K.L.:
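Structure provided below as structure tokens; questions to follow.
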Amino acid sequence: MRLLREPLLHFAAIGAVIYILYGVFAEAIPEADDKTIVVSAAEIEWMQTTWQQRWNRPPTEEEMGGLVQQYIKETVLYREALTMGLNQHDQVIRRRLAQKLEFLAKDLVALTPPTEEELQEYFAVHKERYEAPTRYTFTQVYIDPDKRGDATLDDAEKITGRQVHAAELLPGERTARDPEELR
């Protein structure tokens with residue numbers, strides 16, 4: 001009976017129920033096999049961008065259909081070439097991959113760090129992102145009126161003055177200078 005009160009057992013049982021319910025009611029995700037070609041939205045956008053850069057206008061519906069068909073044809077031929085092992089021991093493919101990696105490396109090297117002036121300009125435009133919020137510090141001083149009697153308010157003023165002058169404030173910090181703030 002003690003075992004039935006264990007939270008770990010409850011957790012495991014709830015997890016098992018959720019897992020079973022998910023398996024029963026979840027929609028089956030179709031698995032992509034080697035015969036499925038998916039043309040994603042990103043690939044279509046890439047095709048449109050490439051077309052527009054080359055021809056200085058967006059592709060028509062017919063031209064876009066042709067681009068998608070060409071992409072599918074290339075993918076089929078590429079997969080078939082891999083299946084036949086045409087990528088192995090091929091000096092041309094090896095050189096092309098090495099060349100592609102060199103291009104990527106040159107692009108990364110070409111990224112130069114910003115100059116000091118560019119950094120200062122960016123900082124000036126986005127200064128609010130880098131400002132520290134205003135900080136407040138306080139010191140709580142308890143003044144017992146039972147021990148001080150009628151001198152309580154005078155003592156509070158004296159202590160407040162000493163605290164304000166003794167505090168070392170950082171830029172942006174404020175302190176309570178009004179004795180009313182201590183009450």
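For clarity, every value in this text was computed on a predicted model and none was experimentally measured.
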K.L.:
According to a 4.5 Å side-chain heavy-atom criterion applied to Ile, Leu, Val, Met, Phe, Trp and Tyr, with indirect links allowed, do I93 and M84 form part of one hydrophobic cluster?
P.N.:
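Different clusters: I93 never reaches M84 through Ile, Leu, Val, Met, Phe, Trp or Tyr contacts under 4.5 Å.
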
K.L.:
Just how far is it from atom CD of E121 to atom NE2 of H126, taken to the nearest 0.5 Å?
P.N.:
10.0 Å

K.L.:
From T50 OG1 over to E45 CD, what is the distance, rounded to the nearest 0.5 angstrom?
P.N.:
10.0 Å

K.L.:
May I ask you to test the E43-V38 pair for a side-chain heavy-atom distance under 4.5 Å?
P.N.:
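Contact flag for E43/V38 side chains = no.
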
K.L.:
Rounded to the nearest 0.5 Å, what separates atom CD in E62 from atom CE in M64?
P.N.:
13.0 Å

K.L.:
Should the heavy atoms of other residues, nucleotides or ligands under 6.0 Å from CG of D150 be counted, would the total exceed 12?
P.N.:
no

K.L.:
Got a second to check how far K73's NZ is from I37's CD1, nearest 0.5 Å?
P.N.:
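Spacing of NZ (K73) from CD1 (I37) equals 12.5 Å.
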
K.L.:
Looking at CD1 of I44 and CE of M47, how far apart are the two atoms once the value is rounded to the nearest 0.5 Å?
P.N.:
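With rounding to 0.5 Å, CD1 (I44) is 6.0 Å from CE (M47).
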
K.L.:
Is Y22 linked to Y19 within one hydrophobic cluster, defined over Ile, Leu, Val, Met, Phe, Trp and Tyr using a side-chain heavy-atom separation of less than 4.5 Å?
P.N.:
no

K.L.:
Taking everything shown except F123 itself, do over 12 heavy atoms lie less than 6.0 Å from its CZ?
P.N.:
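Above 12, so yes.
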
K.L.:
If hydrophobic clusters are built by linking Ile, Leu, Val, Met, Phe, Trp and Tyr wherever their side-chain heavy atoms come under 4.5 Å apart, do L67 and V76 end up in the same one?
P.N.:
yes

K.L.:
Provide the full list of ring-ring contact (aromatic ring centres under 6.0 Å, His included) pairs with a residue in residues 46-75, sequence neighbours left out, each pair given once.
P.N.:
W51-W55

K.L.:
Do you know the tightest heavy-atom contact between P58 and E63?
P.N.:
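Answer, listing the atom of P58 first, then E63: O-OE1, 4.4 Å.
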
K.L.:
Where is the tightest heavy-atom contact between P114 and L119, given as atom of each residue plus distance?
P.N.:
CG-CD2, 3.7 Å

K.L.:
Transitively linked via ILVMFWY side-chain contacts under 4.5 Å: V125 with Y122?
P.N.:
no

K.L.:
Measuring from atom CD of Q99 to atom CG of L104, what distance do you get when rounded to the nearest 0.5 angstrom?
P.N.:
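The CG atom of L104 is 11.0 Å from CD of Q99, to the nearest 0.5 Å.
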
K.L.:
In the single-linkage hydrophobic clustering (I, L, V, M, F, W, Y; side-chain heavy atoms under 4.5 Å), do F11 and I18 co-cluster?
P.N.:
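No, because F11 and I18 fall into different hydrophobic clusters, even though each may have its own neighbours under 4.5 Å.
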
K.L.:
Under 6.0 Å from the CZ atom of R54, do we count more than 12 heavy atoms belonging to anything else shown?
P.N.:
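No, because the 6.0 Å sphere around CZ of R54 holds 12 heavy atoms or fewer from other groups.
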
